[in-house]
Amino acid sequence: MSEIKVELPDGSPRTLEVDSTALDLARSIGPRLAKDAIAAKVNGTLTDLSAPLSNGDQVSIVTPASDDGREVLRHSSAHVLAQAVTRLWPGAHYAIGPAIRDGFYYDFELPGGAHFSDDDLARVEAEMRAIIAEDQPFTRRIYSIEEGLELFRDQPFKVEIIEAVARGNEEDLSETGGDSVVSTYSNTPSFVDLCRGPHVPTTARLGHFQLTRVAGAYWRGLETNPQLQRIYGTAWESKDALAGHLHQLEEAEQRDHRKLGAELDLFSFPSEIGPGLAVFHPRGGIIRRVMEEYSRQRHEVSGYEFVYSPHITKADLFETSGHLTWFAEGMYPPMILDEGQHYYLKPMNCPFHMTIFKARQRSYRELPLRMFEFGSVYRYEKSGVVHGLTRVRGMTQDDAHIFCTREQMGVELTRTLNFVLDLLRDFGLNDFYLELSTRPPGKAVGTDEEWAEAEAALATVCQDAGIEFVMDPGGGAFYGPKISVQAKDAIGRTHQMSTIQLDFQTPNNFDATYVAPDNTRQRPIMIHRALFGSVERFMAILIEHYAGNLPTWLCPEQVRVLGVRNDHDDYAYEVAALLRERGLRTHVEDATEPLGSRIRKAKLEKIPYVVVVGDEDVAAGTLGINARGTNDPERGVTVGEFANRLVDEVARHASPEAP
RNA sequence: GCCUGGGUAGCUCAGUCGGUAGAGCAACGCAUUCGUAAUGCGUAGGUCAGGAGUUCGAAUCUCCUCCCAGGCUCCA
């Protein structure tokens, strides 16, 4: 047979000569495609353009401006990065260098224990550009395990990977490209990398990249392994795409809650208090209070009861709950009293709620019993992990624990999930998916049957919820599996929001019981759930989601009234008083500066409504509205009409930008 | 906790070779009275994160500590 037939993505057949490659196929389709092509996908697997095709293959040509294409570009860029580093640091060991979201990285061990500095980034980047300019072809070769070990005998990390593959370690297969063979790429005789590929045909196809940062990273991600030197980069199919990505990073930086929190005078982290411990300023305090009040009100309607518990407790409580066994390292060290008694700051509220459950005999008639608390907890986060309001050492959870029977469990979980989603939507988050985290290997309590039952119950709830859900194997808490609600924000990032955890263990540990209709003692199920996660973190996510332009109902200052001249100030105060009577947070700024200057200031503070009053308004009892996000003011609106509009907007949780 | 980088006025930043601290904005005062994103002039503001060392002399060089950023690990 001198011809083969392959199938294109649209289903159309294509006839080629025997031994044709994917590149030949691209050429047969069109010169532009052939010029653009960087790899191929054959029967669902990415391969080099030079790979020979077989009869019956389903083939698509991969071009740079696609997910597959970018992955190839990034992977090849990582390869060039390693080549550049070995040129600049002869004797450097290179470990792994995958494509990642938006870019790539490569891990190295430099001779003499050297580290990369920020300045090295520019040197490495220049060397990479030199390699790219040299238009070096990527050539694939296959070796046996033995040959591979010999080839990389000076590269201990590569040897370790090959040995792992030889032992059949699945995880490492992806690095080498086969069961018992070693796949390599070289683009000059002097540089060979262990790699499954595919790669672009030559280094000349690369170039729209930028090295972004250096970092330490543990070999194979294990803290006990040596720390390697990692270089991160980003790579794209075109100059515009690269510029677009860099622009997006800037956008994200602009809406960083830490930056906005300082600019809008919402909160701060005084260094004299300590890392990860925030104070809320009056303006941030208003946002927080409104969030909490709304949450309280919704919980009340939904049948929750409100409880309070102290911030510290004797060790006994956390011994019983298992926290001191499983999570002592995440807790602040104990305060030791004179009598030798150990007291701990609480890292979680559940054991306290359990003591409330146990305060007296409980009947099945009381279940489900839903206890809610804005509970402040303290966790000893490692020094390198604290991050603004999203990862702190002291936080307030909107925490609730539901005690129910096994029979009630399914209904209660569904009800809780719906409640959670509904409330998140009220805060303007609409794009969700669910994640189901299962038993963590090696650090879980309870029997296999209990875990299986709990995981099955949560899976059913996820399936019935009618929204996308994904598995997170091993991500559960030590006492039970959990559903977490992941929400996408305005710029497409996902955040873990609410969690719903099912817990058979804590009631066991505390020997909690209720009296069933048949007069027997039964063990309740406990459902842990936090909606905001932590109030602090949720506020941070809202600030970033809205880029500081919070919906009016959450804004610390909803209206700022400005007189045109200072003889309008009296009227401005009258207007403000009327608006305040309607519950609108309103302030006046006296006319000591030019109007334009005061408007600018209010806009920079992201106040939803700037109200301007002048001669005409004083005469007619009206005002002028300059809404956030617009530049054309509305004149001559009566005070009453404006107040009505705003009261309605607040009730609907809307904002001026999206009425 | 680990790696890299950083910390100068409330904020953003400049500060040369080691020679004794500077701008803009903000604040405050005075003048200005203005119809939709920056009025003018003036004043004040600093243990250069903290400590130790080298030096005749340290924001600048060395060491330690604290704090911040980006990663790694972690995230009940």
Side-chain angles (χ1 to χ4, degrees), chain A residues 105 107 115-121 212-232 253 256 258-259 262-263 265 268-276 318 321-323 325-331 347-350 377 379-388 390-392 397 437 440 443-444 475-480 482 496 499 501 503 506 528 530 533 537 562-569 590-605 610-617 623-627 630-636:
Chain A
Y105 68 78
D107 286 348
H115 295 147
F116 292 121
S117 73
D118 279 6
D119 298 335
D120 292 332
L121 234 43
T212 49
R213 53 183 51 104
V214 302
Y218 300 105
W219 167 235
R220 290 174 178 269
L222 283 178
E223 210 174 353
T224 47
N225 279 346
Q227 191 163 48
L228 305 179
Q229 298 296 306
R230 176 174 295 179
I231 291 181
Y232 281 96
E253 210 173 300
D256 189 311
R258 293 164 303 180
K259 179 181 154 77
E263 280 174 8
D265 195 18
S268 59
F269 295 87
S271 57
E272 49 272 63
I273 295 180
F318 290 127
S321 69
H323 285 93
T325 309
W326 299 95
F327 292 104
E329 70 176 41
M331 292 167 65
M348 291 185 87
N349 301 301
C350 36
V377 298
R379 298 178 181 183
Y380 186 72
E381 300 285 2
K382 286 200 248 176
S383 64
V385 308
V386 295
H387 178 93
T390 60
R391 192 78 182 272
V392 290
Q397 295 182 309
S437 302
K443 52 170 200 173
F478 73 96
Y479 50 74
K482 69 177 180 193
Q496 178 178 314
T499 57
Q501 302 187 327
D503 180 6
T506 308
H528 306 241
R537 195 178 116 83
L562 308 175
V564 173
R565 287 188 316 270
N566 61 7
D567 51 319
H568 302 125
D569 281 350
D590 291 340
T592 52
E593 279 182 87
L595 181 64
S597 166
R598 286 176 287 145
I599 287 170
R600 177 167 188 273
K601 203 170 136 200
K603 292 278 187 183
L604 290 174
E605 288 177 48
V610 180
V611 160
V612 174
V613 291
D615 289 333
E616 296 166 26
D617 299 300
L623 43 75
I625 306 166
N626 189 331
T630 71
N631 270 318
D632 53 316
E634 184 182 354
R635 296 275 297 268

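So you know, we letter chains A, B, ... as the sequences are listed, proteins then strands, and number each from 1. Worth saying up front: this structure is predicted, and the values here are computed from it rather than measured.
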Discussion item. Are the side chains of A:Asp615 and A:Val564 in contact, using a 4.5 Å heavy-atom criterion?
Written reply: no

Practice prompt. In plain terms, say whether A:Arg635 and A:Asp617 are close enough for a salt bridge, that is, a side-chain N and a carboxylate O under 4.0 Å apart.
Written response: no

Worksheet entry | Proximity to the side chain of A:His323 - top-ranked nucleotide from B:rA76, B:rG70, B:rG35 | B:rA76

Worksheet item: Mind checking the C1' distance from B:rC25 to B:rA14? Whole angstroms is fine.
Response: 15 Å

Practice prompt. Produce a footprint string for nucleotides 1-9 of chain B: one letter per nucleotide, 5' end first; B if the base is under 4.0 Å from any protein heavy atom, S if only the sugar-phosphate is, - if neither.
Written response: BBBSS----

Discussion item. Which residues pass the side chain to side chain contact (heavy atoms under 4.5 Å, CB included) test with A:Phe478, not counting sequence neighbours?
Written reply: A:His323, A:Trp326, A:Phe327, A:Val445

Worksheet item: How would you label the contact of A:Ala591 with the nucleic acid (heavy atoms, under 4.0 Å): base, sugar-phosphate, or nothing?
Response: base

Worksheet item: So which nucleotide does B:rA31 pair with, by the Watson-Crick or G-U wobble rule with both distances under 3.5 Å?
Response: B:rU39

Worksheet item: Can you tell me how far P in B:rU62 sits from the matching atom in B:rG18, rounded to whole Å?
Response: 11 Å

Worksheet item: Just by protein heavy atoms under 4.0 Å, how would nucleotides 36-43 of chain B read 5' to 3' in B, S and -?
Response: BBBB----

Discussion item. Does A:Tyr232 reach a base, just sugar-phosphate, or nothing at all? Heavy atoms under 4.0 Å.
Written reply: sugar-phosphate

Item to complete: Rounded to whole angstrom, note down the P distance from B:rG46 over to B:rU8.
Response: 15 Å

Worksheet item: Within this structure, what is the CD-to-C1' distance between A:Glu605 and B:rC11, rounded to whole angstrom?
Response: 14 Å

Worksheet item: Which part of the nucleic acid does A:Gly221 contact within heavy-atom distance under 4.0 Å: base, sugar-phosphate only, or nothing?
Response: sugar-phosphate

Fill in: Pair partner, B:rG10 [Watson-Crick or wobble, under 3.5 Å]
B:rC25

Discussion item. Of the listed nucleotides (B:rG70, B:rA76, B:rG35), which one gets closest to any side-chain atom of A:Glu616?
Written reply: B:rG35

Discussion item. Could you tell me how far apart A:Arg391 (CZ) and B:rG71 (P) are, to the nearest whole angstrom?
Written reply: 13 Å

Response to the item:
Taken in chain and number order and not counting sequence neighbours, the residues that satisfy side chain to side chain contact (heavy atoms under 4.5 Å, CB included) with A:Val386 are A:Pro275, A:Glu381, A:Arg393

Worksheet entry | Under the side chain to side chain contact (heavy atoms under 4.5 Å, CB included) test, residues paired with A:Glu593 that sit two or more places apart | A:Glu589, A:Ser597, A:Arg598

Worksheet entry | Upstream residue (5' side of RNA chain B) when A:Gly475 and A:Asp256 are each assigned their closest nucleotide | A:Asp256

Practice prompt. Take atom CG of A:Asn225 and atom C1' of B:rC72, then tell me their distance rounded to the nearest Å.
Written response: 12 Å

Fill in: Atom C1', compared across B:rG29 and B:rC67: separation rounded to whole Å
36 Å

Worksheet item: So does A:Arg258 get a side-chain nitrogen or oxygen closer than 4.0 Å to the phosphate oxygens (OP1/OP2) of B:rA69?
Response: yes

Discussion item. Could you measure the distance from the NZ atom of A:Lys603 to the OG1 atom of A:Thr630? Nearest 0.5 Å is fine.
Written reply: 5.0 Å

Discussion item. Over all strands shown, is A:His387 touching base, sugar-phosphate only, or nothing at heavy-atom distances under 4.0 angstrom?
Written reply: sugar-phosphate

Discussion item. Just to be sure I understand the rule, does A:Pro275 reach a base, reach only the sugar-phosphate, or reach nothing, if contact means heavy atoms closer than 4.0 Å?
Written reply: sugar-phosphate

Worksheet item: Considering all heavy atoms of both residues, which atom of A:Asp107 and which atom of A:Arg230 are nearest to each other, and what is their separation?
Response: OD1-NE, 2.6 Å

Item to complete: Considering only atom P, compute the distance from B:rC28 to B:rG10 and round it to an integer number of Å.
Response: 15 Å

Discussion item. For a 4.5 angstrom cut-off between non-hydrogen side-chain atoms, does A:Ser321 reach A:Tyr479?
Written reply: no

Practice prompt. Using the P atom on both, measure B:rG50 against B:rU32 and round to a whole Å.
Written response: 43 Å

Worksheet item: Hey, does the side-chain of A:Arg230 have a donor or acceptor N/O within less than 3.5 Å of a partner on the base of B:rC72?
Response: no

Worksheet entry | Rounded distance in Å - CG (A:Asp265) to P (B:rA26) | 16 Å

Worksheet item: Can you tell which of B:rG70, B:rU33, B:rC67 lies closest to the side chain of A:Ser271?
Response: B:rC67

Item to complete: Quick one: closest heavy-atom pair of A:Ser437 and A:Gly476, and the distance?
Response: CB-N, 3.5 Å

Item to complete: List for me each residue that meets ring-ring contact (aromatic ring centres under 6.0 Å, His included) alongside A:Tyr232, sequence neighbours excluded, and say none if there are none.
Response: A:Tyr105

Practice prompt. Would you kindly give the CD1-to-P distance between A:Ile231 and B:rG71, to the nearest whole Å?
Written response: 16 Å

Discussion item. What's the gap between B:rG35 and B:rG22 when it is taken at their P atoms, as a whole Å value?
Written reply: 40 Å

Item to complete: Give the rounded distance in Å between these two atoms: OH of A:Tyr479 and C1' of B:rA76.
Response: 6 Å

Worksheet item: Which part of the nucleic acid, if any, lies within reach of A:Lys482 when heavy atoms closer than 4.0 Å are counted: base, sugar-phosphate only, or nothing?
Response: sugar-phosphate

Discussion item. In whole Å, I'd like the distance from the CG atom of A:Asp569 to the P atom of B:rC34.
Written reply: 13 Å

Worksheet entry | B:rU33 versus B:rG7 - spacing of their P atoms, nearest Å | 46 Å

Fill in: Residue pair A:Gln227 / A:Tyr218, side-chain heavy-atom distance below 4.5 Å
yes

